[in-house]
Amino acid sequence: MSMVIAPSILSADFARLGEEVNTVLAGGADWIHFDVMDGHYVPNLTIGPPVLASLRKVTTAPIDVHLMVEPVDLLVEMFANAGANLISFHPEASRHVDRTVELIRSKGCQAGLVLNPATPLSVLDWVLPKLDLVLLMTVNPGFGGQAFIEGMLPKIAATRRLIEESGRDIRLQVDGGVTVKNIGRVAKAGADTFVAGSAIFGSSDYAATIKAMRAEIDAAFQVAA
Ligand SMILES: O=C(CO)[C@H](O)[C@H](O)COP(=O)(O)O
């Protein structure tokens, strides 16, 4: 599976959002990660469907929407209509996880389930085969710029094993505290899709940071001569 880098616009300059998005895409990003926070499921507020609709006018790149909202279903249709390619949600925020997955798919989007650091992998039981992506949070959701929780590396590896056992084409995305320094270990543990906010938008050269991230991923898989 290809390695995907998805800058989180949470750390972008919102006053110049279209420009920021096009700069990271020109710099080698594959997807745009769109963090939606409601001030209820998480203690922070961000952006909604009209912002996504505006971004959709400036790019055809895949936009993956991470819903940190409760309840979930009302917003799925709005984000699908606004141009989302993939919509992920937290199982704690939906009373009917399977129904929400079906709803996302019925709107023509790919579906992802998000696990907080303390959420057990058992929430994937019975629903994993219907998913296009599992998103493992490596920080507690709500804010950018937090430190990667090292204890999540075995969880990434365990999730990779579950995906392999399922025999399905499911992406394993990791989000929270991903940097040039740790992305190799995150990849080696089993991730194939990397969200990075502050590490990219907080750097002086987005393209150079993305390039350095790809080099670290490649290096992690090099066999020592
Ligand atoms: O979902 C998120 C927070 O809830 C962000 O996507 C995530 O934290 C990325 O930011 P950073 O790379 O700065 O940690």
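Predicted model only: the values in this text are computed from it and were never measured. Values below: every heavy atom of this structure, side chains too, minus hydrogens, waters and symmetry copies. Every number for a ligand or one of its atoms is a count from 1 in the order of the listing.
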Trainee: Which of the atoms in ligand 1, numbered in the order shown and given with their element, are less than 4.0 Å from a heavy-atom of Ala196?
Mentor: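 Per the distance check, 12 (O).
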
Trainee: Quick test of your reading of the model: are Asp30 and Arg214 salt-bridged, counting only N-O distances below 4.0 Å?
Mentor: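 Result for this pair is yes, salt bridge flagged.
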
Trainee: Side chains of Arg171 and Ser2 only: does a donor on one sit below 3.5 Å from an acceptor on the other?
Mentor: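 Side chains of Arg171 and Ser2: pair found under 3.5 Å.
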
Trainee: Looking at His66, which atoms of ligand 1 are within less than 4.0 Å of one of its heavy atoms?
Mentor: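 By the 4.0 Å cutoff, the relevant atoms are 1 (O).
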
Trainee: Determine, considering heavy atoms only, which of Gly142, Ala147, Ser88, Gly197 sits nearest to atom 4 (O) of ligand 1.
Mentor: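 The option holding the nearest heavy atom is Gly142.
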
Trainee: With nothing but distance in play, are any N or O atoms of Gly176 less than 3.5 Å from an N or O of ligand 1?
Mentor: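 No - when backbone and side-chain N and O of Gly176 are compared with those of ligand 1, no distance drops under 3.5 Å.
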
Trainee: Please give me the minimum heavy-atom distance between Val195 and Val178, naming the atom from each residue.
Mentor: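 The answer is O-CB, 3.4 Å.
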
Trainee: Measuring from Met137:CE to Phe148:CZ, what's the distance to the nearest 0.5 Å?
Mentor: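 The CE atom of Met137 sits 11.0 Å away from the CZ atom of Phe148.
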
Trainee: Give a yes/no verdict on whether any heavy atom in Gly177 is under 4.0 Å from an atom of ligand 1.
Mentor: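 Heavy atoms of Gly177 do come under 4.0 Å of ligand 1.
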
Trainee: Is Arg160 paired with Asp192 through a side-chain N to carboxylate O contact shorter than 4.0 Å?
Mentor: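 A salt bridge links Asp192 with Arg160.
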
Trainee: Mind checking whether Asp35 has an N or O less than 3.5 Å away from an N or O of ligand 1?
Mentor: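 For ligand 1, there is an N or O atom that lies under 3.5 Å from one belonging to Asp35.
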
Trainee: To which of Phe201, Phe143, Phe34 does the heavy atom nearest atom 3 (C) of ligand 1 belong?
Mentor: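 Nearest heavy atom to atom 3 (C) of ligand 1 lies in Phe143.
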
Trainee: Give the residue and atom name of whichever protein heavy atom lies nearest to atom 13 (O) of ligand 1, and the separation in Å to one decimal.
Mentor: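 Looking only at protein heavy atoms, the one closest to atom 13 (O) of ligand 1 is Ser198 OG, 2.6 Å.
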
Trainee: Pull out every atom of ligand 1 sitting under 4.0 Å from any heavy atom of Pro141, numbered as shown with elements.
Mentor: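 Taking each heavy atom of Pro141 in turn, ligand 1 has 4 (O) under 4.0 Å.
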
Trainee: Output yes when Asp132 and Arg105 qualify as a salt bridge under the 4.0 Å nitrogen-oxygen rule, no when they do not.
Mentor: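 Looking at Asp132 and Arg105, the cut-off is met.
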
Trainee: What residue and heavy atom of the protein are closest to atom 10 (O) of ligand 1, and at what distance?
Mentor: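 Looking at atom 10 (O) of ligand 1, the protein heavy atom closest to it is Gly144 CA, 3.7 Å.
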
Trainee: Return the closest protein heavy atom for atom 1 (O) of ligand 1 as residue, atom name and distance.
Mentor: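 Of the protein heavy atoms, Asp175 OD2, 3.0 Å lies nearest.
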
Trainee: State the atoms of ligand 1, each with its element, that fall below the 4.0 Å cut-off from a heavy-atom position in Met37.
Mentor: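 The list of qualifying atoms is 3 (C), 4 (O).
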
Trainee: Kindly state each residue pair satisfying side-chain hydrogen bond (donor to acceptor under 3.5 Å, both in side chains) with at least one member in residues 82-94, sequence neighbours excluded.
Mentor: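 For residues 82-94: Tyr41-His90, Tyr41-Glu92, Arg56-Asn85, His66-His90, His90-Asn116, Glu92-Thr119, Ser94-Thr100.
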
Trainee: Please list, in number order, the atoms of ligand 1 under 4.0 Å from a heavy atom of Gly145.
Mentor: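 Reading through ligand 1 atom by atom, the close ones are 11 (P), 13 (O), 14 (O).
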
Trainee: Indicate yes or no: does Glu216 engage Lys181 in a salt bridge with an N to O separation below 4.0 Å.
Mentor: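 Salt bridge absent between Glu216 and Lys181.
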
Trainee: Do you know the tightest heavy-atom contact between Pro141 and Val42?
Mentor: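 It is O-CG1, 3.7 Å.
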
Trainee: What atoms of ligand 1 come within less than 4.0 Å of a heavy atom belonging to Ser8?
Mentor: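 Selected atoms, number and element: 6 (O).
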
